[in-house]
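Chain identifiers are assigned alphabetically (A, B, ...) following the order of the sequence lines, protein sequences preceding nucleic acid strands; residue numbering begins at 1 within each chain.
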Amino acid sequence: MVKKKLRQWYLRITEYADRLLQGLQTVDFSDAMKEMQTNWIGKSIGAEISFEIKAASHEQEGTKPKALSSKLIVYTTRPDTIFGVDFMVVSPEHELVKLITTAEQKAEVEKYIDYVNSRSERERMAEKKITGCFTGAYAINPFNAKPIPVWISEYVLAGYGTGAIMAVPCGDERDFKFAKHFNIPITNIIGDHFNGEEANDTKEAKLTNSDFLNGIVMKDAIDLVVKQIETLGIGKKKINYRMRDAAFSRQRYWGEPFPIKWKDGTAYPLSENELPLLLPKVDSYSPGPEGEGPLANIPEWVAKELETNTMPGYAGSSWYFLRYMDPHNDVTFCDRKVSDYWNQVDLYIGGTEHAVGHLLYSRMWTKALYDLGFIGYDEPFKKLLNQGMIQGSSRFVYRIQGTNKFVSAGLKSQYETNELHADVNFVDGVELDIEAFKKWRNGEYANAEFILEDGKYICGAEVEKMSKSKFNTVNPDDLVARYGADTFRMYEMFLGPVEQSKPWDTKGIEGVHRFLKKLWRLFFDETKGPIWTESAPSLSERAGGEATAEELKTLHKTIKKIEDDTERFSFNTAVSAFMVCVNELADLKCNKREVLEPVLIMLVPYAPHIAEELWKALGNSNSILDASFPIFEAKYVAESTKEYPVSINGKLRTTLSLDINISQQEVEPIVLANETVQKWLEGKAQKKIIFVKGKMINIVI
RNA sequence: GCGGAUGUGGCGAAAUUGGCAGACGCACUAGACUUAGGAUCUAGCGCCGCAAGGCAUGUGGGUUCGACCCCCUCCAUCCGCACCA
């Protein structure tokens, strides 16, 4: 493997950082999503302060300090701690390192930089060792002329802020640990708030040891110091973002071409009449000779000096919803009148895995198009609903180290084993189908031996992301073939709240399937054929009369529930409401078109195929998609009495059927006369009777 | 470490505004129909108890006439970010 520098294009998303942050307040996203984007953008308000540097070792030797033209500029969010700075840390890659390192420290610094370079990013993140090296140089605190040793350490990142920090060990945990590790004396500027055992990042402490800031509460001192450094011309207020510009070119894959051509090493955009730039037809998508994209393999493309990188997937995914509004327009991507008409995407259902990618890029893209006047809004998605992930349920086998023997999960503690994913498709529950396992991966385990428990090989199990690499993927095609797409769709909805993740488990799918069959039987009998009836006798020989009050009550109760549940994305309870409805209609032996037809219409989004099929079976010639949603009428569900729960001291003891409009005065004597209530009162007088109309009755004794 | 979420029967879950905990479904038990049942129907099904009743929404506390729901403590699991000064 060889590391190579490649030409890359970047999307200047950092230009939009602040607006992407502001915009979050105007959209209906979950808090988790807003939090993720906010953290990713990582806005921080602070100051850049520049420090004079002197090479102290020269001074000590009595020679003239070497005049250093470069100053050390640090970024801090806590300028109020300026008098607590006990050392500086610059990143090992910082350009100043070479300039300021003293002769005495040169060897050590070089050794340290070699060490840092030897470590991969992964190692650096995984093991957080405290490492560092003194440069021999000192920065001068501009307020009290105190010399501050300058160190280098890998914990300071070159890419953030100025790549250098002022370390305040009494207020920052990492700085504190660093100071302890290298025995750097710690200045306490927060009085009692610092205990010497750990740093305290409070902003509430009154400053001590801080010259002109003494006695001022830290959070109030921040602006004071910023003003002061601005007056002195040694720094300025500065806002930083953690977010980086997004790499916007790809080499390995086919993607949209850049409308860019090169001339003498300079990139020029193609003129309008050269657009659209279309990709050539190719047979092979292999990468170009020097790790460039596939386009570098195409002579006519290269001859025109066109850019050979292609765009990443999110180039298209950032704005496709606009094209969907006006897909056949060959003049512009989407006519302004059209996008004004459709406006924002009302509801976007997607997973959180796109939180800091696609969902951030589309927001930026929309803002750019808005700025250019192509669309009239700068947020793409009005509301975002995060559906949970269907996770995989992984199975593991345990191979005894250095052997081809596998030990059943219950016995694995007796051996040194390696855990391997086994394909869930040949595990029944947790029992491994050994023969299938032996044939797996072209017989890689054909000669494996197995240590069984009770004659079975038991696998370990864990819930993980569903992924091919974990061999825990299941193919929905099998289920669709067996139960149909409607059952599959409805079962997914029935599993639980949409926004919750859960492992894929088909245990309950039968229930949904039975429901659909039961629905079917309201229309058709296995032997008799069609059994639905018409309300008006003249329309059919199967006349059933008017729908009864009970039938209409079931229907309208369901209309209300489905409307409400769908509106609040509570699909699992909506499915259950359909089940209740069909159960009730079956109990009532209701086969009336007048009642069944509205149920079908409501069912369309949940089980579209069967709804349409039954709709057609009823003799409708249009599509059920064009039918209008049934209208709820309260009169059919109105009750005249209510079964009130009666509690004594909050514990349910009995229920009473009472007039819906009964008042507290009327209730009290009825309740007190009740046999069960009398029994529980045991002759004692009640202190209070709580009566909540339409809800409950509670007697306090 | 920081941030977000979630904990309710054997299982998936419901309880929408603080007011009957467990709707609906799976699994299970018994029965009916049947040549048959991986079809359908009936009944039962949180735990303890013969019953009356008691106990139950991760733990411990608080507020309230009343808490799965509000507040505090702790525990567990999942997800995201992970040295961002």
Subject >> Euclidean distance for P, B/C28 against B/G38 (whole angstrom) >> reply: 11 Å

Original post:
Between B/C26 and B/A14, how far is it from one C1' atom to the other, in whole Å?
Top reply: 15 Å

**OP:** Determine whether any donor atom in the side chain of A/Lys695 lies under 3.5 Å from an acceptor atom in the base of B/U17, or the reverse, and answer yes or no.
**Re:** no

Which part of the nucleic acid does [X] contact within heavy-atom distance under 4.0 Å: base, sugar-phosphate only, or nothing?
{"X": "A/Glu643", "result": "base"}
{"X": "A/Asp175", "result": "nothing"}
{"X": "A/Leu495", "result": "sugar-phosphate"}
{"X": "A/Ser44", "result": "sugar-phosphate"}

**OP:** Measure from the side chain of A/Lys642, starting at C-beta and using heavy atoms only, and say which of B/U16, B/C20, B/A85 lies closest.
**Re:** B/C20

Original post:
Which nucleotide, B/A85, B/C81, B/G4, lies nearest any side-chain atom of A/Trp40?
Top reply: B/C81

Original post:
Does A/Phe381 have its ring centroid less than 6.0 Å away from the ring centroid of A/Phe29?
Top reply: no

**OP:** Check salt bridge (Lys or Arg N to Asp or Glu O under 4.0 Å) between A/Glu567 and all other residues, then give those that pass, not counting sequence neighbours.
**Re:** none

Check the interface with nucleotides 24-26 of chain B: list each N/O to N/O pair with the protein under 3.5 Å, or write none.
residue	atom	partner	partner atom	Å
B/G25	OP1	A/Asn583	ND2	3.0
B/C26	OP1	A/Arg514	NH1	2.3
B/C26	O2'	A/Lys507	O	3.0

Original post:
When the distance from CE of A/Met389 to P of B/G80 is rounded to whole Å, what number comes out?
Top reply: 6 Å

